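Within every chain, numbering begins at 1; the chains are lettered A, B, ... in the order of the sequence lines, protein sequences first and strands thereafter. Computed from a predicted model, the values in this text were never measured in an experiment. When reading the values below, keep in mind they use all heavy atoms of this one structure, side chains included, and skip hydrogens, waters and symmetry mates.
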Amino acid sequence: MPELPEVETIRRAITPQITGSRISGITGSPPTLEPGLTVFWTWIEDRRIEGTSRHGKYLFAGLDSGSSLVFHLGMTGDLLLVSEDDPVPPYTRAMVSFIDGSRLAFTDPRRFGRLGWVPDRDDVIRAKRLGPDALAIQAEELAPILQRSRQKMKFFLLDQHKLAGIGNIYADEILFQAGVHPLREAASLTPDQAARIQPSMQDILRTAISLEADFDQYPGSWLIPHRAPGERCPVCSGEVDRVMIAGRFTYFCPSCQE
DNA sequence: CTCCATGTTTAGAA
DNA sequence: CTTCTAAACATGGA
């Protein structure tokens, strides 16, 4: 489950358990992050996890050596804590074991997820040229990035170089709540629209995280519960529209978004 | 069988 | 260089 709120929810779920734990072994091998981000056992052997962090959709586990394990959950990745005698969860691609007997399973049916190791956490942000984290960015920081881009807004929000953490579902939600058409050019937003992007984005991400990214609990006033052909806009009751942008379906309300 | 899926990368076209 | 399309990756579910 992998957009920013899902990754953050997973991070919060595993952090208390793995922080302070010493790694005793790692088995399995999902494809590693490239380039130069290969996991080598000797670099994490007997290391203690000091804490976790996140940038966009990347999740980091900081080690006492200063280096970090890097997780990207792809489309279907998940991290599950299991105890010593628990069975290995289905679709487990890698398993990190700790000396206290607990284990962290990296499950991923579709195998798009990646696991790697880096000397420094920021190496990933540099190598992937990630933009600012979508949850942390401030309005004053976003304004000039918006103004300098001629991308259509849907492309803009999905572009991890501009802003890190937004995927297909939340991009649509942000545009819906900000009242912006997905094909609107970033630099051409009205001042009011431009000013609404960051607050809408932050409110949506915060709310989603507080609800542990459980779609079933999302407000009926959001677009997310209405992402289906024939559904009606929760604001104006008009029919939601669906177009293919960047190879993915984009849902929006043609009368509320311009 | 067909279509679709919360992501990223890459080759190639304007 | 920038923007965008299509395809590829691998797999399950409707």
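- Rounding to whole angstrom units, CZ of residue A:R248 and P of C:dA8 are separated by 17 Å.
- The pair A:E8-A:R54 meets the salt-bridge criterion, with a side-chain N (NZ, NE, NH1 or NH2) lying under 4.0 Å from an Asp/Glu carboxylate O.
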Assess the residue pair A:R103 and A:S83 against the criterion (side-chain hydrogen bond (donor to acceptor under 3.5 Å, both in side chains)); give the C-alpha distance rounded to whole Å, side-chain angles, the decisive distance to 0.1 Å, and a yes or no.
CA-CA 6 Å; A:R103 300 186 293 174; A:S83 65; over 6 Å; no
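- For A:R110, the listed nucleotide lying nearest its side chain is B:dG7; candidates were B:dC4, B:dG7, B:dT6.
- Along DNA chain B, the nucleotide nearest A:Q160 and the nucleotide nearest A:F249 are compared for position; the residue whose nucleotide lies closer to the 5' end is A:F249.
- Of the listed nucleotides (C:dG12, C:dA10, B:dT6), C:dG12 has the atom at the smallest distance from the side chain of A:Y91.
- Looking at heavy-atom distances under 4.0 Å, A:R111 makes contact with sugar-phosphate atoms alone, never a base.
- At the heavy-atom level, A:G247 lies nowhere under 4.0 Å from the strands shown.
- Using modelled atom types, one finds no donor on one side chain facing an acceptor on the other under 3.5 Å when comparing A:S68 with A:W117.
- Not less than 6.0 angstrom separates the ring centroid of A:F60 from the ring centroid of A:H55.
- Remark: A:S149, A:R150, A:Q151, A:K152, A:F155 in residues 148-155 of chain A come within less than 4.0 Å of DNA chain C through at least one heavy atom.
- Put simply, CG on A:L157 is 15 Å from P on B:dT6, counting in whole angstrom units.
- Between the NE2 atom of A:H72 and the P atom of B:dT9 there is a distance of 8 Å, rounded to whole Å.
- With 3.5 Å as the limit, one finds a donor-acceptor pair spanning the side chains of A:D100 and A:S102.
- For A:F71 and B:dT8, the CZ to P distance is 17 Å, given to the nearest whole Å.
- Comparing the same atom, P, in C:dA6 and in B:dC3 gives a spacing of 16 Å after rounding to whole Å.
- Under a 4.0 Å N-O distance rule, the pair A:D64/A:R47 qualifies as a salt bridge.
- Side-chain contact of A:D78 with A:T107: a donor-acceptor pair under 3.5 Å is absent, judged by distance alone.
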Sequence neighbours excluded and cut-off under 3.5 Å, please list the side-chain donor-acceptor pairs for residues 213-229 of chain A, or say none.
from   : atom 1 : to     : atom 2 : distance (Å)
A:D214 : OD1    : A:D216 : N      : 3.0
A:D214 : OD2    : A:Q217 : NE2    : 3.1
A:Y218 : OH     : A:Y170 : OH     : 2.7
A:H226 : ND1    : A:E231 : OE1    : 3.1
A:H226 : NE2    : A:G220 : O      : 2.9
A:R227 : NH1    : A:D172 : OD2    : 2.8

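- Nucleic acid contact for A:Y170: none, since no nucleic acid atom lies under 4.0 Å from a heavy atom of the residue.
- Annotation: A:Q147, atom CD; neighbour count of heavy atoms from other residues, nucleotides and ligands within 6.0 Å does not exceed 12.
- A:L73 places its CG atom 16 Å from the C1' atom of B:dA5, with the value rounded to the nearest Å.
- A sub-4.0 Å separation between OP1 or OP2 of B:dT8 and a side-chain N or O of A:R114 is absent.
- One can place CZ of A:R129 at 12 Å from C1' of C:dT2, the figure rounded to the nearest angstrom.
- Residue A:M75 contributes atom CE, which lies 16 Å from atom P of C:dA8 at whole-angstrom precision.
- For A:K128 and B:dG7, the NZ to P distance is 15 Å, given to the nearest whole Å.
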Secondary structure of DNA chain C per the Watson-Crick/G-U criterion (both distances under 3.5 Å; [ ] crossing, | other strand, . unpaired) is .||||||||.||||
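- Closest approach to the A:P2 side chain among B:dT6, C:dG12, C:dA10 is made by B:dT6 (side chain taken as heavy atoms from C-beta onward).
- Checked by atom type and distance alone, the side chain of A:Q160 pairs as donor or acceptor with a backbone atom of A:I166 at under 3.5 Å.
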